[in-house]
Amino acid sequence: MSNSIIINTIYQRLYSYYGPQNWWPGETPFEILVGAVLTQNTNWSNVVKAINNLKARQMLSFDALQAAAVEEIAECIRPSGYYNLKAQRLGNLLQMIAREYGGELDGLLSDQTSRARDNLLSVKGIGPETADAILLYCGNHPLFVVDAYTHRVFSRHSLVPEECDYNELQELFMDTLHPDPQLYNEYHALIVRVGKEYCKKSNPLCEQCPLMGVEE
DNA sequence: CTCCTGCCCA
DNA sequence: TGGGCCGGAG
């Protein structure tokens, strides 16, 4: 079967099995922006603790966070891990938005997709996954988000080689699927779900997986 | 102990 | 390409 058929079939199977995932978990675009940085290589439950700490200190807004000292931010986001690194990264990100968009997150989100993405990638600490997650889940830009789960699920089903970079994997999806932000939103969330529950790094549960035999 | 919706640096 | 960043849950 062709890759494009399989990619569509995988979506259908996951959606029938799990239903809509209602991503991104977050109340405002700014909260999603912050969450995208905090969740880098980090379990979401730890990110929730960090975000709640920021909320409790009234620091979950552009102005409050930019005014705060990095040490104070680091203290709040401690539960999310890499806290010194991430406090700096949040600062770098806000600085870019201040410089390029007058401090308006909406300015970034309503910019051309390619320019917004380039600006995000120019920030130290923002790589392709974080940039695409911000643009898709905050701003509805049609960018498919690739992550470790995507790589694992699709290489295990032989759709991409084991050694395959972000761009290659992203192009596979974006050349196959219509540029529909809602579809990209749901598909990525479903991949994360099946990656956590079945396509686990160790001891994957292939026999019971909803994707079993999908490539045949 | 391993893993978690990465990314930077040498 | 490998190591460092890092707390919390299982």
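Convention: sequence-line order gives letters A, B, ...; per-chain numbering from 1. Note that the coordinates shown come from a computational prediction; the quantities given were computed from them, not determined experimentally.
Per the geometry, NZ belonging to A/K201 stands 13 Å off C1' belonging to B/dC1, to the nearest Å. The nearest whole Å value for the distance from the NZ atom in A/K86 to the P atom in C/dC5 is 14 Å. One atom, CG of A/L38, and another, P of B/dC4, lie 18 Å apart when rounded to the nearest Å. One atom, CZ of A/R152, and another, C1' of B/dT2, lie 12 Å apart when rounded to the nearest Å. Distance OH (A/Y198) to P (B/dC3): 20 Å, rounded to an integer number of Å. Atoms CG (A/L120) and P (B/dG6) sit 17 Å apart, rounded to a whole Å. Here the P atom of nucleotide C/dG8 and the CZ atom of A/R78 are 7 Å apart, to the nearest Å. In this structure, CG of A/N46 is placed 4 Å from C1' of C/dG8, rounded to the nearest angstrom.
In terms of position along DNA chain B, the nucleotide closest to A/W23 lies nearer the 5' end than the nucleotide closest to the other residue of the pair A/I126 and A/W23. Mapping A/V123 and A/S45 onto DNA chain B by nearest heavy atom places A/S45 at the nucleotide closer to the 5' end.
Closest to the A/E129 side chain, of the nucleotides C/dC5, B/dC7, C/dG8, is B/dC7. When the nucleotides B/dG6, C/dC6, B/dT2 are ranked by their closest atom to the side chain of A/S202, B/dT2 comes out on top.
The shortest distance between side-chain heavy atoms of A/Y198 and A/P210 falls below 4.5 Å.
Using a 4.0 Å cut-off, some side-chain N or O of A/Y83 falls inside it from OP1 or OP2 of C/dG7. Dashed line: the shortest gap from a side-chain N or O of A/T130 to OP1 or OP2 of B/dC7 is under 4.0 Å. A close approach under 4.0 Å does occur between a side-chain nitrogen or oxygen of A/K124 and OP1 or OP2 of B/dC9. The shortest distance between the side-chain N/O atoms of A/N84 and the OP1/OP2 oxygens of C/dC6 is below 4.0 Å. Between B/dG6 and A/N41, a contact under 4.0 Å exists linking OP1 or OP2 to a side-chain N or O.
Both A/V160 and A/L190 are assigned to one and the same hydrophobic cluster, defined by single-linkage of ILVMFWY side chains at heavy-atom distances under 4.5 Å.
With rounding to the nearest 0.5 angstrom, the CG atom of A/L108 is 7.0 Å from the NE2 atom of A/H141.
The residue A/A148 sits close only to the backbone: its heavy atoms come under 4.0 Å of sugar-phosphate atoms, none of a base.
When the P atom is used for both B/dC7 and C/dG8, the distance is 23 Å, rounded to whole Å.
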> What's the verdict on side chain to side chain donor-acceptor pair (under 3.5 Å) for A/Q40 and A/R89, showing C-alpha distance, side-chain angles and the deciding distance?
Replying inline: CA-CA 11 Å; A/Q40 291 172 351; A/R89 288 176 180 183; 2.6 Å; yes
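Below 30°, between 30° and 60°, or above 60°: for A/F154 and A/F173 the angle between ring planes is above 60°, a perpendicular geometry.
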